**Student:** 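First the structure, which I've put down as structure tokens, then a few questions once you've had a look.
All heavy atoms count here, side chains included; hydrogens, waters and symmetry mates do not. For clarity, every value in this text was computed on a predicted model and none was experimentally measured.
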Amino acid sequence: ALVAGIRAKISDRIRQASQPAEAVAGCAAALRASLPLLAEAPVQLATGRDAPAMTTVATVAETLQTLLALVPFLPPDPGRARLFDELTGVFRDAIAAFDARDTVLLGDLLEYEAAPRIAALLPLLEGTPA
């Protein structure tokens with residue numbers, strides 16, 4: 001099962017590299033769909049429903065990781081680069097909050113730090129004006 005999972009991940013990366021525009025569009029759609037879920041995460045964390053909140057975090061982080069692999073295929077954009085840097089810091093802080101079991105801080109980071117930056121990043125990925 002582990003080897004099959006690794007094969008699937010490698011196949012996905014090869015497909016994404018061969019069709020970067022489609023891969024970026026797919027990532028943008030996934031991020032757009034995750035915004036309402038990020039807004040729900042603080043309530044989930046506060047009410048002991050950590051699993052769905054952490055699933056959202058893992059999904060968003062994996063999508064952002066995929067986007068980072070696609071950045072070389074995108075035209076340079078300083079705004080996009082800044083948002084990626086900021087999101088890296090937010091998720092670093094989110095990991096620290098998770099390790100400290102500080103669900104209040106984790107929820108705040110997701111709702112007030114990650115979600116607005118992802119919303120600002122979407123137009124830069126979708127080619128629409130901000």
**Student:** Would you check if V24 and E126 make a side-chain contact, meaning some heavy-atom pair closer than 4.5 Å?
**Tutor:** no

**Student:** Would you kindly confirm whether F73 and L31 end up in one hydrophobic cluster when ILVMFWY residues are joined by side chain heavy atoms under 4.5 Å apart?
**Tutor:** yes

**Student:** Between F91 and V57, is any pair of side-chain heavy atoms under 4.5 Å apart?
**Tutor:**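 Yes; the side chains approach each other to less than 4.5 Å.
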
**Student:** For A120 versus P123, what's the shortest heavy-atom pair and its separation?
**Tutor:** O-CD, 3.3 Å

**Student:** Report yes if the side chains of I118 and R32 come closer than 4.5 Å at any heavy-atom pair, otherwise no.
**Tutor:** no

**Student:** Answer yes or no: is there a side-chain heavy-atom contact under 4.5 Å between L37 and V60?
**Tutor:**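 Sidechains of V60 and L37: no contact.
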
**Student:** Taking all heavy atoms of G107 and all of P42, pick out the closest pair and write down the distance.
**Tutor:**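 Where G107 meets P42 most closely, the heavy atoms are O-CG, 3.3 Å.
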
**Student:** State the CZ-CG distance between R117 and L38, to the nearest 0.5 angstrom.
**Tutor:**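 The CZ atom of R117 sits 13.0 Å away from the CG atom of L38.
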
**Student:** In sequence, state the C-alpha distance, the side-chain angles, and the governing distance for E111 and V43, and then conclude on side-chain contact (heavy atoms from CB on, under 4.5 Å).
**Tutor:** CA-CA 10 Å; E111 185 175 11; V43 173; over 6 Å; no

**Student:** Which heavy-atom pair separates L124 from G79 by the least distance, and what is that distance?
**Tutor:** CD1-C, 3.8 Å

**Student:** Evaluate Q16 against L70 for side-chain contact (heavy atoms from CB on, under 4.5 Å), listing each step before the verdict.
**Tutor:** CA-CA 8 Å; Q16 291 162 352; L70 294 168; 4.1 Å; yes

**Student:** Would you say the side chain of E62 lies within less than 4.5 Å of the side chain of T59, judging by non-hydrogen atoms?
**Tutor:** no

**Student:** Quick check on the hydrophobic clustering: are L35 and L110 connected, directly or via other members, by side-chain heavy-atom contacts under 4.5 Å?
**Tutor:**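 In one cluster with L35: L110, yes.
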
**Student:** Hey, could you give me the OG1/CG distance between T88 and D93, rounded to the nearest 0.5 Å?
**Tutor:**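 T88 atom OG1 to D93 atom CG measures 11.0 Å (nearest 0.5 Å).
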
**Student:** Are any of the side-chain heavy atoms of L74 and R80 separated by less than 4.5 Å?
**Tutor:**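 Yes, close enough: below the 4.5 Å cut-off.
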
**Student:** Whether K9 and D12 form a salt bridge (side-chain N of Lys/Arg under 4.0 Å from carboxylate O of Asp/Glu) is what I want to check.
**Tutor:**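 No salt bridge links D12 with K9.
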
**Student:** Can you name the nearest heavy-atom pair linking A28 to L125, along with the distance?
**Tutor:**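 Shortest heavy-atom contact: CB-CB, 4.1 Å.
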
**Student:** Do L67 and F84 touch side chain to side chain, with heavy atoms closer than 4.5 Å?
**Tutor:**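 They are in side-chain contact.
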
**Student:** Should we count OH of Y112 as having more than 12 external heavy atoms under 6.0 Å?
**Tutor:**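 For Y112, atom OH is not crowded (no more than 12 foreign heavy atoms under 6.0 Å).
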
**Student:** Can you name the nearest heavy-atom pair linking L109 to A97, along with the distance?
**Tutor:** CD1-CB, 4.3 Å

**Student:** How many angstroms lie between CD in Q44 and OG1 in T55, if you round to the nearest 0.5 Å?
**Tutor:** 9.0 Å

**Student:** For a 4.5 angstrom cut-off between non-hydrogen side-chain atoms, does E113 reach D108?
**Tutor:** no

**Student:** When you look at L64 and L121, which way does the side-chain contact (heavy atoms from CB on, under 4.5 Å) test go after all the steps?
**Tutor:** CA-CA 11 Å; L64 289 170; L121 180 64; 4.2 Å; yes

**Student:** For residues A114 and L87, report the shortest heavy-atom separation together with the two atoms involved.
**Tutor:** O-CD2, 3.9 Å

**Student:** Show which residues join I10 in its hydrophobic cluster (side-chain heavy-atom contacts under 4.5 Å, direct or indirect), or state none.
**Tutor:**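 Members other than I10 - counting any ILVMFWY side chain reachable under 4.5 Å - are L2, I6, I14.
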
